[in-house]
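Working notes, structure below.
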Amino acid sequence: MEHRMALKIIKNVEKYREAAKLEINVLEKLADIDPDCKNLCVKMLDWFEYHGHMCIAFEMLGQSVFDFLKDNNYQPYPLEQVRHIAYQLIHSVLFLHDNKLTHTDLKPENILFVDSDYELVSVYSSSKKKHELRRVKRSDVRLIDFGSATFDHEHHSTIVSTRHYRAPEVILELGWSQPCDVWSIGCIMFELHLGITLFQTHDNREHLAMMERILGPIPYRMARKTRTKYFYHGKLDWDEKSSAGRYVRDNCKPLLRYLQSNSEEYRQLFDLITRMLDYDPSQRITLREALKHPFFNKLPAHQRLGSDRSRCNGESSGSRERSHSLSR
């Protein structure tokens, strides 16, 4: 085909091969439903086997939003880019949810810029020192890695998601469905906005203690229902005076104390994150509701997608939108 592509190679180990076949199945179904990639899921070009290794070919994309953040010294994204990235992510994952799929592994590493070219911007620190910061030129993204995506009718493994983005119902083994993706998106939006991971831990009990410090007590109902051993009489079994207890107290604070400005749009961002981080999955905001949240009111018309764009431009929703090219 005489152009570059990205090749995902899954080595010849039976359980990895099986996972690759599941991913190919999901990607083929998504391509059938959305051949033009209007819903911003990465486009599979082809797949083949090579000496037992499964190979999946994708169109070339740029860096992940995580790698760009890391290479930029963890300097957060500007608010308008957080808004655009979050909007696209919600739009894309809502498409999955509407098609009875849960992604289950949403994280900044699985959101790729279409093109991660950047310009250098000079900023001055509080000590009047000049720094050069990278500012991505285009904040268009694609969602990748459907290796853990699960259809509603399929077996739901007990534990899903990468640790920092894992919802409380997953940790407590209470069963999960689409709302666990919403929780992950809330964590991602916080990270893009502040450049730090909301729940920086590798231990379940500590993770739950961080949630309580940031979001308040875990509902008694959930604590009583879980068969895990993290609660005693409906309260988290946690020693605040231990070294882990001090770590949580020193490194976490109530969510709204992370708010850096009292302006309306920052308050709207935190309101949306708060609704996404509702402990109770049945009360958590849905992605369809999230797209209507006032935080997205300031999104420019040219960045809106699908029927949302048509409404903004005063077009009938039946009019055709241009398909989104995945190429650079």
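None of these values were measured; they are calculated from a predicted model. Residue indices begin at 1 and follow the sequence shown.
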Can D203 and T201 be counted as having a side-chain donor-acceptor contact under 3.5 angstrom? no

Distance-minimising heavy-atom pair for M211 and I171: CE-CD1, 3.8 Å

Measure the spacing between CD1 of I144 and CD1 of I111 and express it to the nearest 0.5 Å. 9.5 Å

Taking atom types as modelled, is there a side-chain donor on T226 or E173 under 3.5 Å from an acceptor on the other? no

Set of residues satisfying ring pair (Phe, Tyr, Trp, His ring centres under 6.0 Å) with respect to F199, sequence neighbours excluded: H207

Do D181 and H97 get their side chains close enough for a donor-acceptor pair, meaning under 3.5 Å? yes

Is a side-chain donor or acceptor of S161 paired with a backbone partner of D105 at a separation under 3.5 angstrom? no

Taking K38's backbone N and O only, do any of them form a donor-acceptor pair with D36's side chain (distance below 3.5 Å, no angle check)? no

Quick check against the 3.5 Å criterion: does Y77 have a side-chain atom that pairs as donor or acceptor with the backbone of V65? yes

Y87-D308 side chain donor-acceptor pair, cut-off 3.5 Å: yes

Donor-acceptor contact below 3.5 Å, side chain Q88 vs main chain S139: yes

Examine K107 relative to F66 and say whether NZ or CZ is less than 6.0 Å from the centre of the six-membered ring and inside a 45° cone about the ring axis. no

Which heavy-atom pair separates F95 from D34 by the least distance, and what is that distance? CZ-CB, 3.7 Å

Does a side-chain N-to-carboxylate-O contact under 4.0 Å join E289 and R275? no

Does any N or O in the side chain of S116 come within less than 3.5 Å of the main-chain N or O of Q63, such that one atom is a donor and the other an acceptor? yes

Restricting to pairs with a member in residues 240-249, which pass side chain to side chain donor-acceptor pair (under 3.5 Å), not counting sequence neighbours? none

Full working for ring-ring contact (aromatic ring centres under 6.0 Å, His included) between F146 and H103: CA-CA 7 Å; F146 294 85; H103 186 284; 5.3 Å; yes

Before accepting this row, confirm whether a basic side-chain N of the pair E80/K298 lies closer than 4.0 Å to the acidic partner's carboxylate O. no

Can you confirm if the aromatic rings of H302 and H84 lie within a centre distance of less than 6.0 Å? no

What are the two closest heavy atoms between R304 and F296, and how far apart are they? NH2-O, 2.7 Å

Are D237 and K229 ion-paired here, with the side-chain N under 4.0 Å from a carboxylate O? no

So, K70 and E109, do they make that salt bridge, N to O below 4.0 Å? no

Among H193, Q268, M189, which one satisfies side chain to side chain contact (heavy atoms under 4.5 Å, CB included) with I273? M189

Please determine if R267 and E264 form a salt bridge, counting it only when a charged side-chain N lies under 4.0 Å from a carboxylate O. no

